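I have placed the structure first, in the form of structure tokens, so that the comments after it can refer back to it.
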Amino acid sequence: MKRTHTCGEIGAGDLGRDVCLQGWVRFSRDHGGILFFDLADAYGTTQLVYDPEDVPDEAGKDALEKALDGFTRESVVSVGGTVRERIPGTEDPRNPTGEAEVLVKEAEMLSPSHPPPFEIGEQKEHLLPAEETRLRYRYLDLRRAEMMRVMRFRHRLLSLAREHLDDRSFLEVETPLLTRSTPEGARDFLVPSRVHPGSFYALPQSPQLFKQMLMVAGADRYYQIARCFRDEDSRADRQPEFTQLDLEMSFVDREDVIAAVEALIAHIWKGLHGEALSTPFLRLGHEEAMDRYGTDSPDLRFGLPMTEVTSMVADAPYEIFQRVLAKKGAIVGINVKKEDGADAVGRNEIDRLISWVKRHGLGGMTWMKVSSAGLESNIVKYFTPEVQHGLTEAMDAAEGDLLLFLAGSREKVRETGGLLREKLAADLDLIDEDKHQFLWVVDCPLFEKDPVSGKLTALHHPFVRPAGELSPDVLGESYDLCLNGVELGSGSLRNHDSSLQRSILSMLGLSDERMEQEFGFFLEALGYGAPPHGGIALGVDRMVSIMLGKESIREVIAFPKNKRMHSPVDGSPTPVDDDKLSELQLMSLAIDDLDLDDIEDLE
RNA sequence: GCCCCGGUAGUGUAGUGGCCUAUCAUGUGAGCCUGUCGAGCUUGCGACUCGGGUUCAAAUCCCGGCCGGGGCGCCA
């Protein structure tokens, strides 16, 4: 028997037709004579029915019944039969195939299944087995229609991206997975070389240098759906291997790249959601993002910005503020607007917020209520009417609002204020889960100074073009894309001038010798006519998970690693045989009976 | 490296010191049932993460390990 139809396409139009269906037995219902089976495949479910009083071939009846007896849950079977209309009143309106059924005349077991460790049928989220179990039997988990829907959504997103970029002369190029380990950035996954004992490839953390060399090559516009690898601890939105939609363009300025990315995302959005996405996206300077929201990827689905009031209250004889000012600290306010639910924040709630703030390392929090008579609280008396007026103006305070103030070191206040903002939004239910708020954060500093060593490190990566004359404080020609407070992608214009690139690497502490050793090949490439260029890399896993409202990117990756970077389905990583190691001239230090003398003997 | 939460039949759960020979559902085995659709009915099966401790008594309390998850650090 050969399949003639899928389980999702049988309908009223097929009545009377002889068909062959093949798929998985999802549920069966035995009424003591008449039998029902739900046969499922990737496209849908069709009801099979066996009726002992309606068997065309009496001689084959026993064999047919015997075969059907073996149709256990999740076994793969092949059936031949006739499509017929269901008895009136027994149609299933929830199922697109629910008006028809297939009367089984032939049945064959293709592949039996053990009883599955959990149920494959559609079920409520809270009835799902633990993620651990789902990942161990991922091939069964993926069999669920919801997971198939996720995989299709992801596929569609990538198709739409390809379609859009192909139409705009972007060239899809595969860059190597076996690459050079470079000193900057995350920890590398290393691959030992058999041919060059003691030498290693690194799996790419991103195709950054290769795509830039493609620009030198004159490719003009490049993209790649690129797997990237970073050996750092995972999070709900971080896996050791992940996918970037990576692109790069030549002869462009920042606006060109931003516009190209907005058009790309709008195209994807329209294709997946059917509705136009409003562009251009909001934009925020990095410094303002930090000042107002305490993070470089703020969630602008809600308000509650911070307002710095340090200078405004500088002369107020309020001791707590004065102590902070003496230590060159900062004082910021957050206005919980009446319309955001300030009334819901009573004295008890404020006390809870104060202890929450203390747990985050600040001394406390002060507050004022805005009433018709003006500001009210036990500290208002320390502020002159002019100062009160200034605060009201600066924080856009109106009657019914609640003003919260944090004081401490600038970094701590920013950080805690940002977290408080998110906590308030969650507590007051200000986040519209259906809203998708894109945001560009632009003008990030090129460098970050290590507070302990004073050493400069690159905030993004060392190839970002400075927006002005090179100095430790210079801003970069950068643009980070955020969606709902999550960093979706990071892009910039790059340095196409090799001497500028050298200066930056040198400011990052690389000696000429090291620079030559680690990046010489790339600097050399920049010396052979590198066009001005820039690009971006978008996190595909994050984009898909946010668009589908999933809590973790593991939900949108077919075979993800778990928190401890184990692959539950294949059990990797595993130890390997000693002969494999010795072929690579390697010896593990992670073995129980290791005798250090053995190593010394080898030297 | 650190902090927090969790671990009870195959799966999801109830059980906060003795009422536990551990609840319920689902699953699974057997039987019944001719229009169901996550069919129904009867009945059998099946579990306290591991080690140590406290106690007359531990699924329950304490300590440690293992496993899973969230986070900090880390992630140019």
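Values reported hereafter were calculated over all heavy atoms of this structure, with side chains retained and with hydrogens, waters and symmetry mates removed. Bear in mind that the values here come from a model prediction, so they are computed numbers and not experimental data. Lettering of chains follows the sequences in order, A, B, ..., and the numbering in each one begins at 1.
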Check if the side chain of [X] and the base of [N] share a donor-acceptor pair of N or O atoms closer than 3.5 Å.
X: Glu101(A); N: G35(B); answer: yes
X: Arg86(A); N: C37(B); answer: yes
X: Arg144(A); N: G38(B); answer: no
X: Arg238(A); N: C75(B); answer: yes
X: Asp30(A); N: C33(B); answer: yes
X: Asp38(A); N: G38(B); answer: no

Do the two ring centres, one from Phe522(A) and one from Phe463(A), sit under 6.0 Å apart?
yes

Partners passing salt bridge (Lys or Arg N to Asp or Glu O under 4.0 Å) against Lys561(A) (at least two apart in sequence or in another chain):
Glu241(A)

Test salt bridge (Lys or Arg N to Asp or Glu O under 4.0 Å) applied to Glu516(A) - qualifying residues, sequence neighbours left out
Arg502(A)

For residues 478-495 of chain A, which residue pairs pass the salt bridge (charged side-chain N to carboxylate O under 4.0 Å, His left out) check, not counting sequence neighbours?
Glu248(A)-Arg494(A)

With a 4.0 Å limit, can you tell me whether Arg235(A) has a side-chain N or O closer than that to the phosphate oxygens OP1/OP2 of C72(B)?
yes

Measuring to OP1 and OP2 of A39(B), would you say a side-chain N or O of Arg29(A) lies under 4.0 angstrom away?
yes

Within the structure shown, what part of the strands sits under 4.0 Å from [X] by heavy-atom distance: base, sugar-phosphate, or nothing?
X: Glu415(A); result: nothing
X: Gln47(A); result: base
X: Arg554(A); result: sugar-phosphate
X: Arg542(A); result: nothing
X: Ser206(A); result: base
X: Arg564(A); result: sugar-phosphate

Rounded to the nearest Å, what distance is computed from the CD atom of residue Gln501(A) to the C1' atom of nucleotide A76(B)?
12 Å

Using whole Å, what does the distance between atom C1' of nucleotide G70(B) and atom CD1 of Ile553(A) come to?
15 Å

Passing option when Leu548(A) is tested against Met543(A), Arg149(A), Glu555(A) for side-chain contact (heavy atoms from CB on, under 4.5 Å)
Arg149(A)

Using the side-chain contact (heavy atoms from CB on, under 4.5 Å) definition, which of the options Leu35(A), Leu103(A), Val102(A) pairs with Leu48(A)?
Val102(A)

Under a 3.5 Å cut-off for both contacts, is [N] paired Watson-Crick or G-U wobble with anything, and if yes, with which nucleotide?
N: G1(B); value: C72(B)
N: U13(B); value: none
N: A59(B); value: none
N: G44(B); value: U28(B)
N: G64(B); value: C50(B)

Considering only the C1' atoms, how many Å lie between C45(B) and G53(B), rounded to the nearest integer?
35 Å

Quick one: list whatever passes side-chain hydrogen bond (donor to acceptor under 3.5 Å, both in side chains) with Asn95(A), sequence neighbours left out.
Thr97(A)

Stacking between Phe36(A) and U36(B), defined as ring centres under 5.5 angstrom apart with planes under 30°, is that present or not?
yes

Hey, can you pull the donor-acceptor pairs under 3.5 Å for the side chains in residues 505-514 of chain A, sequence neighbours left out?
unit_1: Ser511(A); atom_1: OG; unit_2: Arg514(A); atom_2: N; d: 3.0
unit_1: Arg514(A); atom_1: NH1; unit_2: Glu518(A); atom_2: OE2; d: 2.7

Using the closest heavy atom to pick a nucleotide of RNA chain B for each, name whichever of Ser28(A) or Pro117(A) lands nearer the 5' end.
Pro117(A)

Toward the 5' end of RNA chain B, by each residue's nearest nucleotide, Arg94(A) or Thr133(A):
Thr133(A)

Members of residues 65-78 of chain A that approach RNA chain B, where some heavy atom sits under 4.0 Å away:
Arg73(A)

